[in-house]
Amino acid sequence: MSETSSKAKRRSGGNVDRRNIWLVVVTAVLVIASIAMFMPPQERINQALDLQGGLSVVLSAESNDGSEVTAEQMETSRSIIESRVNLLGASEAVVQLQGDNQILVQIPGLSDTEEALETIGKTGKLEFARLDSFTDQDVVNAIQTGAYLSQETVTDEAGNVFVTGEGTPSLEVEPGTYEPIVTGENINRVTVGRENETSQFYAVDLNLDSEGTKAFAEASADLVEDHGQIVIILDGVVQSAPAVQSEIPDGNVAITGNYSLAEAQSLVTVLESGSLPVSFEYQTAQTVGPTLGQGALRSGVIVALIGLLLVMLYLLFFYKGLGFITAAAMAVFACLYLGILALLSHFNLFSLSLAGIAGVVLTIGMAADSSILTLERFREEIRLGRSVRAASITGVRHGIMTSIDADLVTLVSALALFFLAAASVKGFGLTLALGIFCDILMMLLFKAPLIRLLAPKAIAKNPGFWGVKDCEEAAPYFTDEKEAPAGGKIPGRFIKHDFNILGWRKVTLTAAVVAVVLVLAILGIRGINFGIEFVGGTSVAFHNTGDVTIEQLRDAFDEAGETDAVIQTTETDGEPGFLVRTTTTSAEDANVAAKAVADTFGWETDSFEVTTIGPDWGTSVIKSSVIAFLVSLILIIIYISIRFRDYKMGVTAIVALLHDLILVFGIYALIGREVTPNTIAAVLTILGYSLYDTVVVFRSIDDNMKGDSIKCTFMSMANHSLNQVLIRSLNTSITSLIPVLFMLLFGAETLKDFALAMTIGLVSGCYSSLAIATPLYAIWKTREPEFARLVKKFGDTVQLFTLNHLPGELRVAGAAATDAAVVDVDADAKGGKGNGAHKSKSQPQQKQRYRRKDK
């Protein structure tokens, strides 16, 4: 090698090292900034009602015309109030029907309770009317003289009263005494802006639909000559009455009324959600504790942390020094993730609920999965004859690309849930999407640069410590330098001889079909036991309960036969109490259970009230969630079909996913356990895990399909692809399952629904990827003419690879082949094209199809 080329090589290597160092430095800066944003997390990250408690309010409805309030009006009102609460930034709130004419609203921590209550209970009926249409002359005179505003005053130290110049709308007008030209139903868009450039007050700017635009244009054209006034009325109170100075043909109008920014934003919230069909008054307001209970939450966190610690120990045991890199990568991921959640919380765009925690658990698992995928591919490249340095470039790149493929499929589902679903499902979609973004960022900014920095010196010089020595020792057998012992028995933590997984495809698919049929039969006979959040029930409010704890009260309800009660602590005027919700639909039966509980603690019979309540998850929430789920399935099929150029992959992935979800609900029906929102959160998490595993397998098959010459059937190649990713699939499932199992075995009762569904889903998800999705896809592909011919040629027996070779394959030994491969790898690592094969040209062409290729 000439001196010039040697210098160029050193320069090129130096530039790469500097780039990797800068990426690690950028990561460090982001981590420090994130820590500053989320510390302390309990204060910086908003928590939903199930984690921190909040304000509980009962609203009582009255019709505007004196008639009886209908069930349809109550459901419409519930939906509108829920929308208003979420627009306030208090997401993950509880809004449910109570009795015949009440709505229970529970809102997690608010900075301004009175303003929030005023906003959610306001009717929100907006009207625009010409002043000359008013029939009450006193009202007309008041509007013309500006007397519709009550002037605000201040009093100085001497007792003198001064008018501030600010006013509050106070003139009420009776329905039927004027003729509206435009109503709130004609609004397309609502925004906040200044009244004018110099004003300290804010206006609410409206954009009207075509009907409203036409009506407003006609009215303004008629009034402009005499500068007639258009009166703006909200909930029967005159807000302003501007004179028409020019024709307004574009449907853009403004509501003014000396509003502060907060008042204008509150009005926007009301108008965006629509007007309530009935009026509401406040009955009671009290502070409530979290539905999970602080003890349950604390124990859940401790158990999860212990589980994660065990995961770290497992990774260190299996991957040795590379396990430290994985631990560091997960720490970086966690910091970036918490930083983003804290930033969104600062702007009231996020509240963490149990469903959100499910999204966090899933993305932490995915971060571990991506690290394992990268490490396994790095080790595989070394086994196939590459230097540690070259493997750190091509192997890490391929591992990350596989992870990104799996991440993006899950992201499609997450975005569909976020944009189309409602309630806690939307929160799950948001946390999952954010986690995927952080995972990709962590891999590109930290994981890949760190491995590339350590590979040439640290890892290459100490292969035993870093866990790659077995791969280096196995490389001569994979590259044909040495003859392998009988059966490929060489030491190392990797598969030497393929397992005949697809040889059992008829058994595994039959078992899956039988399981699904049995589950559907169980569901048909026993049905699903839905929790109170879906079917409603009764609410029992206990007062003056002294020092009784949630755990003691839960035990008392268990003895009374209410084993699935949802319990919250309350505080009213400084007095402690409890709010208990059960699935018992009979108020009489609930009263009997409540009396039994009261007798247990010696409480008086008048210390509690029983009220029937409707579901948290109303029809609209369930419908939107189902639509979001179905849309996500369609988008997943489309994405996988485009990414891997084969719709069959997308269809079989969905079949495996549905198998997993059916099993979860079937086992719940079999053991009679309630399906709660916690279960739904876990089911959505399973969706992500199942897809992730399946896409990893499909990516392996896709890699192995590249090439021209074919020496075995598609079934044999698919079986080999399964074996190539088997270790990483098992490791990713084990690392995800350990914390969940700990939560199931040792966590609090309120978290076991989540843990049980997760445990079932993780096991079935790993199984379905290997034993359902891949066999179905391989069977389907084998029927294509191209691959059907191969079955006639090679037979329908699955051929098993040994050390990446087919049985009877010509072996080529010698240093020349290895040297050629290494030179080619180094050229690729430096940006040269190379042929990407791990063999000399004298090797059979079949290997170019079934050995990993670099693109």
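We use all heavy atoms of the structure for the numbers below, so side chains are in, but hydrogens, waters and symmetry mates are not.
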Is the number of heavy atoms from other residues, nucleotides or ligands within 6.0 Å of [atom1] ([X]) greater than 12?
| X | atom1 | result |
| --- | --- | --- |
| Q144 | CD | yes |
| E609 | CD | yes |
| F134 | CZ | yes |

Is the backbone N or O of [Y] less than 3.5 Å from a side-chain atom of [X], with the two atoms forming a donor-acceptor pair by type?
| X | Y | answer |
| --- | --- | --- |
| S199 | R194 | no |
| R44 | S345 | no |
| D235 | K125 | yes |
| S539 | T611 | no |
| Q568 | V566 | no |
| S240 | P242 | no |
| D250 | N252 | yes |

Side-chain contact, heavy-atom cut-off 4.5 Å: [X] with [Y]?
| X | Y | result |
| --- | --- | --- |
| S413 | L635 | no |
| V631 | F419 | no |
| V173 | D136 | no |
| Q73 | T76 | no |
| L206 | F216 | no |

Atom [atom1] of [X] and atom [atom2] of [Y]: how far apart are they, to the nearest 0.5 Å?
| X | Y | atom1 | atom2 | result |
| --- | --- | --- | --- | --- |
| I638 | L633 | CD1 | CG | 11.0 Å |
| L441 | I340 | CG | CD1 | 7.5 Å |
| I103 | L97 | CD1 | CG | 5.5 Å |
| T213 | I248 | OG1 | CD1 | 11.0 Å |
| I436 | I440 | CD1 | CD1 | 7.0 Å |
| F418 | L411 | CZ | CG | 12.0 Å |

Smallest separation among heavy atoms of [X] and [Y], with atom names:
| X | Y | result |
| --- | --- | --- |
| A254 | I232 | O-CD1, 3.5 Å |
| Q245 | V224 | O-CG2, 3.5 Å |
| F38 | C335 | CE2-O, 3.8 Å |
| A217 | S220 | O-OG, 3.0 Å |
| D132 | L223 | OD2-CD2, 3.8 Å |
| I143 | A241 | CG2-CB, 3.4 Å |

Please list, one pair per line, the donor and acceptor atoms closer than 3.5 Å that link side chains of residues 174-183 to other protein atoms, with sequence neighbours excluded.
residue : atom : partner : partner atom : Å
T177    : OG1  : E174    : O            : 2.6
Y178    : OH   : E127    : OE1          : 2.5
T183    : OG1  : E185    : N            : 3.4

Evaluate side-chain contact (heavy atoms from CB on, under 4.5 Å) for V412 paired with L691, printing each intermediate quantity in order. CA-CA 11 Å; V412 168; L691 287 173; over 6 Å; no

Report the residues that fulfil side chain to side chain donor-acceptor pair (under 3.5 Å) with D222, sequence neighbours left out, ordered by chain and then residue number. R130

